[in-house]
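As structure tokens, the structure follows; a few thoughts come after it.
We name chains A, B, ... by the order of the sequence lines, and we start the count at 1 in each one.
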Amino acid sequence: MDLTLSPQEQAFRDELRAWLEENHPGSEPEGDEAAFEFRKEWQRELADARYAGLSWPEEYGGRGATLIEQAIFNEEMARAKAPMTANVLGLVMGGPVVIAHGTEDQKERYLKPILTAEEIWCQGFSEPESGSDLASLKTKAVKSNGEWVVTGQKVWTTYAHEAKWCMLVARTDPDVPKHKGLTYFLMDMEQDAVQVRPLRQITGEAEFNEIFMEEARIPDENVVGGVGNGWAVAITTLMHERAGLGFGSAIALKIAIGELMDEIRERGLDEDPVIRQRIAQIYIEAECLRLIASRGLTQIMKTGIPGPEGSLVKWQWSDANQALTELAMDVRGREAPLVDDHWTYRFLRARANSIEGGTTEILKNIVAERVLGLPRLR
Amino acid sequence: MDLTLSPQEQAFRDELRAWLEENHPGSEPEGDEAAFEFRKEWQRELADARYAGLSWPEEYGGRGATLIEQAIFNEEMARAKAPMTANVLGLVMGGPVVIAHGTEDQKERYLKPILTAEEIWCQGFSEPESGSDLASLKTKAVKSNGEWVVTGQKVWTTYAHEAKWCMLVARTDPDVPKHKGLTYFLMDMEQDAVQVRPLRQITGEAEFNEIFMEEARIPDENVVGGVGNGWAVAITTLMHERAGLGFGSAIALKIAIGELMDEIRERGLDEDPVIRQRIAQIYIEAECLRLIASRGLTQIMKTGIPGPEGSLVKWQWSDANQALTELAMDVRGREAPLVDDHWTYRFLRARANSIEGGTTEILKNIVAERVLGLPRLR
Amino acid sequence: MNFDYTDDQRAIKSTANEFLANRYKMEKVRELAEAGEYDDALWGEIAELGWPGIFADEEHGGQGLGQVELTILMEELGYALAPAPFLSNAAAGLMLAHAGSDEQRQGWLPGIASGERRGTVGQLSEGVAPLVPDADSAELIVLLDNGSASVVEAGDAQIERADTIDSTRRFFRVQADGGEPLEGDVDAAVARVEVALAAELVGVAQRAMEMAVDYAKERKQFDRPIGAYQAVSHRCAQMLLEVEGARAATLYASWVADHEPESLALAASMAKAYAADAGWRVTASSLQVHGGIGFTWEHDLHFFLKRARTDGSLFGSPRTHRDRVAELAGLSRSAAAAV
Amino acid sequence: MNFDYTDDQRAIKSTANEFLANRYKMEKVRELAEAGEYDDALWGEIAELGWPGIFADEEHGGQGLGQVELTILMEELGYALAPAPFLSNAAAGLMLAHAGSDEQRQGWLPGIASGERRGTVGQLSEGVAPLVPDADSAELIVLLDNGSASVVEAGDAQIERADTIDSTRRFFRVQADGGEPLEGDVDAAVARVEVALAAELVGVAQRAMEMAVDYAKERKQFDRPIGAYQAVSHRCAQMLLEVEGARAATLYASWVADHEPESLALAASMAKAYAADAGWRVTASSLQVHGGIGFTWEHDLHFFLKRARTDGSLFGSPRTHRDRVAELAGLSRSAAAAV
């Protein structure tokens, strides 16, 4: 057991810090369009320094970074309050999927523009009728004259309005049990048969979109991983997403706790015993989830397989972040309902934490069944 | 809506208070045997004043009291810290079952000695393998030469070692679905084929017993409600039990809260904001459950049918009592683990609250299915 | 003892329920909320029904009924989430009726009871009342300041729109000097306002629970309605427990206000503390049952959730009320009841 | 970075697990608990394995290993619920090793490390230490008093048996005057004791969780294993969350004690607070999964539950530790950290 960074890890961090100090682009401009351009520009800079697609093999423009190095990267970015990249889903999911399951032609075609944010990617998995029950999705793809014709609806798609490519899972064979018969496609968003509608959330923002497909076309060469293997391809993508996100979310949570502590001090509530108990408990939970995520990284690096830690971390994170934003409202006291530029948004936004990316109920099922070996209900 | 007592109810309470002031027997003597004799004597006095079997019709020695009067009775007894009666199960369940389902001969034979505590009753429903799933019980009764021969095991039986009669539910027909094929018997405990073994609890006390039956005999005339109707007879008994207990438990909880407040004051913790929050929350919950129970009584008096309130009250009571005893331990601070004569017992005993008389899980099922109309899983 | 509505009370409830379901359909509520407006014509109808004066004496133009009847209306208004200046006006009415002098009552109550010259109430923090409902359309504003209260005419106050998360109610920031003090028992009057708010929270929670239960019966995942899973069904059962507890505590406090005012302070704090927690927890829990769809603006649930959270912090947070319960139940006053 | 045991640490863990499973079978634990005794012969074996001195320098007769290795043993001892004077002796050893003078270390540590002249630690409240484990068989007693500590020889103290709910550990009430002060960093040494206790709690919780999971797989109701119901399976998942959190926090604090002592105070309080809550909640939750049978004396679970509750209140309640976390994480000291 050694919780210090190895010399290589240390070197990686020092180099990154130095680079960040030089290259931090400051804060995002106002306005969605301007902010997105800003993120694209930032991603190009990262890509030039080979900090975009960090985990990708060097031959595809990455660094082949270890999970620990990725965690260090996320931590440093969070600490420096660096902007997001424009093409998050392409970097975290699209690229790795193409690298793992794609043909040589696909790698040649898609990887570079992901890195440079020339082509933005989005993800078309969820549908209105299939939330937790992903395998029940209904969007249909039928082969006709060497191309696929897709009809259906997707939901909870971020960046769809900016995206060139959609990682689409659709049903290609309705006659086999539901996990089978799915295929993973790369769909060109730039066609009239694909319509994007922003989906407004309870915060008032439209972070997500719905996608409507009415006989959209996908050439056969855009199948990833073979017809009928969509479930397996999608699942490995999701597992990578979860392993990568856990650590970063712990850091973001710790930063938010620090901000709330400032707020508590400013309001002169730092000696309030009830507030102290609540913030301390959240602080401890954030620390526990950071540590569980760290242990998980060690495990994956040893075994190659993401363990159950991902589920525990996601679940604990959503509980802790909801508790934190509720405490923030209580700290604001009588003024809590007044819309401010900070806590009311976070407070409302946090309600989705226990739903997005796997509901807490599903995560508990996973822990019970796959880790504890309890019998499945269904 | 009128939450004051009616003139009759007021008169009932005043009379009872006056009687209690005259006749309160003081506190129980030390030692199980002596305490039980004391409770018998106390019950005889209550019976003479027609305060035992309060709800029973006048013709059987009761008062035909309304539910409100019963609630008043329970409240006054709790406030006066009057002793328990010796034959609780006979009064609350045995008598009402015989009155509702028994033959004239049975009423003649059994009711009087229940009231006077001459014959103590116990209840043989639960079995080791059938806890929440009561209908799955395995104790067998086979008819042979005009009497029933019973073999099996019962558990969680209070007063079994003192009891003359056991309200026994046994399987008389193994070939029909599990709710059917059960019969309700009155079994004489005074036979060698019935063995009673005390069941020690985590508190160290043996409040309950196991009963082992090895070809015990029950004459046919001791069937209550007809062969094969055991489930229906048992269920009505249980519903009466719950409706009656809810209100009393609320009062007992309020008394315990008062005692903990004394403890808090004595330890100088009455200005501690965290403790105040916790005790206030429990106080409010206790009040809510008292009010829900009161509303339930009004409902039953109007419709004749116990509503879902019983389940809500039992569930909330167990949560609140567990929270109360946990708070008591925290109030005792460093000394909490030291065995005292009061709070450590209650603290451990409270762990059973969410199990005994319907687990919280089963109560939530009942509420979800029968009140909210949600689909059953099974 | 009879813990149930009288026939008259039942009639008030069903009339209110029907009227509101009819006039404030969710599309209407949404339309008003998104515009940040009320509907004057509907207010006229409400006034015609006599609701604004339900609790006021007949001599002041009211119906001469009590807090229980007000609670019945408030619960239905919360259930319908009706955007209307009812609560604010009723709060002002309760303050005047129970803490005003004869003259103040005579001067102001009739206008409030008829709904024609409305009032509102705000709580001052360091000279400013940050969250006063409906101050722009009120003629008088009662400002509470640590146990005392004074009436200000709206024309004498600075009033600025204040955006809250609850767009179904119009809030304002109010600043005013002077005003005419209320000489009566201000705390007792405020307790009645707390009970009215608790009643609204009960209605909001009831509706959010019903939405969750309906959705749980209908939405299928893994080939079963999600309500068949205990993770969902037990969550719904918990909602019922909290809704029923809040309702029982609120009804009790209402009855106490009418018949046993010496117990009102404790009963009101219990009701407000429990109903505020229940309102927030039930609406948040209902959102979880709904999953992603419950997080969309398109779905109605969020309006209830935001109302619940906002109501919860008006006129004393749950923490403040619990601390008061501790005090009234027998523990001395806390030094550090800060939030 | 590598958040996993070394091969040596893994070997310590599996040896401890096997030895304890073999020597402290539950029948044995129960027999000792019911008699309120320990087994001297088994203590002899433990001493031979070198466990009592695992964390002590080799020059004082120890193995020269660290807090991480002590944590591994403590977790296994908790898992086995072994009735033995290990924790008390280790606590005294940690106090001497980290807050004693050279002379005090030389005088006392070898006896503690060999297990032949044992020690224990108690916390004074108004001149009396109400709950000192194993004081009757210790030769020295370290008494803590608000940040200072002194060593008393057992012969100079009044020692009286004190019955706690945890019959697997022998507690005593100790009163003593004077004693020899420890001059070093008492708080840092106490933090190490807290971490050892947290580790024991992790083991206790782990075992209670395993018992619940096993029972949930086997017990049937309504024709299904109860573990197929989410009311039970999600409860078990919650246990895992808490056990893993407690374990991660405790391992981290142990590593910090060995390698980054400046962060120890915060890490130890986090570990103790979280592990104490987890210990109690997991054991209580396991009892609920077991239903009636879990409430019987015959079942082993209650011994774990009582140990968890007792450990939780030794060396600082969760509340005290959370308050300390608030302070160390950046909020100033609380005036009213009473309980």
After noting the C-alpha distance and the side-chain angles of C:Met1 and B:Thr4, does the key distance pass the side-chain contact (heavy atoms from CB on, under 4.5 Å) rule?
CA-CA 5 Å; C:Met1 197 177 91; B:Thr4 42; over 6 Å; no
Apply the test side-chain contact (heavy atoms from CB on, under 4.5 Å) to residues B:Val367 and C:Gln238: give CA-CA distance (whole Å), side-chain angles for both, the deciding distance (0.1 Å), then the verdict.
CA-CA 9 Å; B:Val367 170; C:Gln238 179 75 35; over 6 Å; no
Going through the checks in order, is the side-chain contact (heavy atoms from CB on, under 4.5 Å) test met by C:Asp323 and B:Gln277?
CA-CA 6 Å; C:Asp323 201 81; B:Gln277 287 292 306; 4.0 Å; yes
Passes side-chain contact (heavy atoms from CB on, under 4.5 Å), B:Arg295 versus C:Asp4? Steps please.
CA-CA 7 Å; B:Arg295 284 181 73 208; C:Asp4 199 1; over 6 Å; no
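The candidate with the highest count of non-hydrogen atom pairs below 4.5 Å against chain C, out of B:Glu285, B:Gln299, B:Lys302, B:Met301, is B:Lys302. Top candidate by heavy-atom pairs under 4.5 Å with chain C, chosen from B:Leu372, B:Leu289, B:Leu5, B:Ile279, is B:Leu372. Top candidate by heavy-atom pairs under 4.5 Å with chain B, chosen from C:Leu241, C:Thr6, C:Val325, is C:Leu241. Heavy-atom pairs under 4.5 Å with chain B peak, among C:Asp277, C:Val256, C:Leu328, C:Leu240, at C:Leu240.
Contacts between B:Glu287 and chain C at a heavy-atom distance below 4.5 Å involve the side chain alone, from C-beta outward. Of the atoms belonging to B:Arg278, not a single heavy atom falls under 4.5 Å from chain C. Using a 4.5 Å cut-off between heavy atoms, B:Glu9 touches chain C through its side chain atoms alone. Of the atoms belonging to C:Ala329, heavy atoms from both backbone and side chain fall under 4.5 Å from chain B. Contact annotation for B:Leu312: both backbone and side-chain heavy atoms come within less than 4.5 Å of a heavy atom of chain C. Contact of B:Ile264 with chain C is made through the side chain alone, with heavy-atom distances under 4.5 Å. Only the side chain of C:Val68 comes within contact range of chain B, with heavy atoms under 4.5 Å apart. Contacts of C:Leu266 with chain B are made by side-chain atoms alone, with heavy-atom separations under 4.5 Å and no backbone atom involved. Only the side chain of C:Gln9 comes within contact range of chain B, with at least one heavy atom under 4.5 Å from a heavy atom of that chain. For C:Asp258, no part sits under 4.5 Å from any heavy atom of chain B, backbone or side chain.
Under the 3.5 Å distance criterion, the side-chain polar atoms of B:Arg265 are matched with a main-chain donor or acceptor of C:Gly330.
Between atom CG of residue C:Asp214 and atom CG of residue B:Leu374 there is a gap of 9.5 Å, rounded to the nearest 0.5 Å. Atom CD of B:Gln281 is separated from atom CZ of C:Arg319 by 13.5 Å, given to the nearest 0.5 angstrom. Atom CZ of residue C:Arg10 and atom CE of residue B:Met1 lie 12.0 Å apart, to the nearest 0.5 angstrom. Put simply, CD on C:Glu244 and SG on B:Cys288 are 10.5 Å apart, with the number rounded to the nearest 0.5 Å.
Considering all non-hydrogen atoms of both residues, B:Ala280 and C:Arg322 come closest at CB-O, 3.1 Å.
In this structure the side chain of C:Arg247 never reaches within 4.5 angstrom of the side chain of B:Leu291, judged on heavy atoms. Side chains of C:Phe3 and B:Leu297 form no contact here, defined as non-hydrogen atoms less than 4.5 Å apart. Contact check for B:Pro375 versus C:Arg224: no side-chain heavy atoms found under the 4.5 Å cut-off.
Below 4.5 Å, heavy atoms of chain B meet no heavy atom from residues 278-290 of chain C.
Residues satisfying the ring-ring contact (aromatic ring centres under 6.0 Å, His included) test with C:His259, not counting sequence neighbours, are C:Trp255.
Taking a 6.0 Å sphere around NZ of C:Lys220, one finds it holds 12 or fewer heavy atoms contributed by other residues, nucleotides or ligands. Within a 6.0 Å radius of CD in C:Glu262, other residues, nucleotides and ligands contribute more than 12 heavy atoms.
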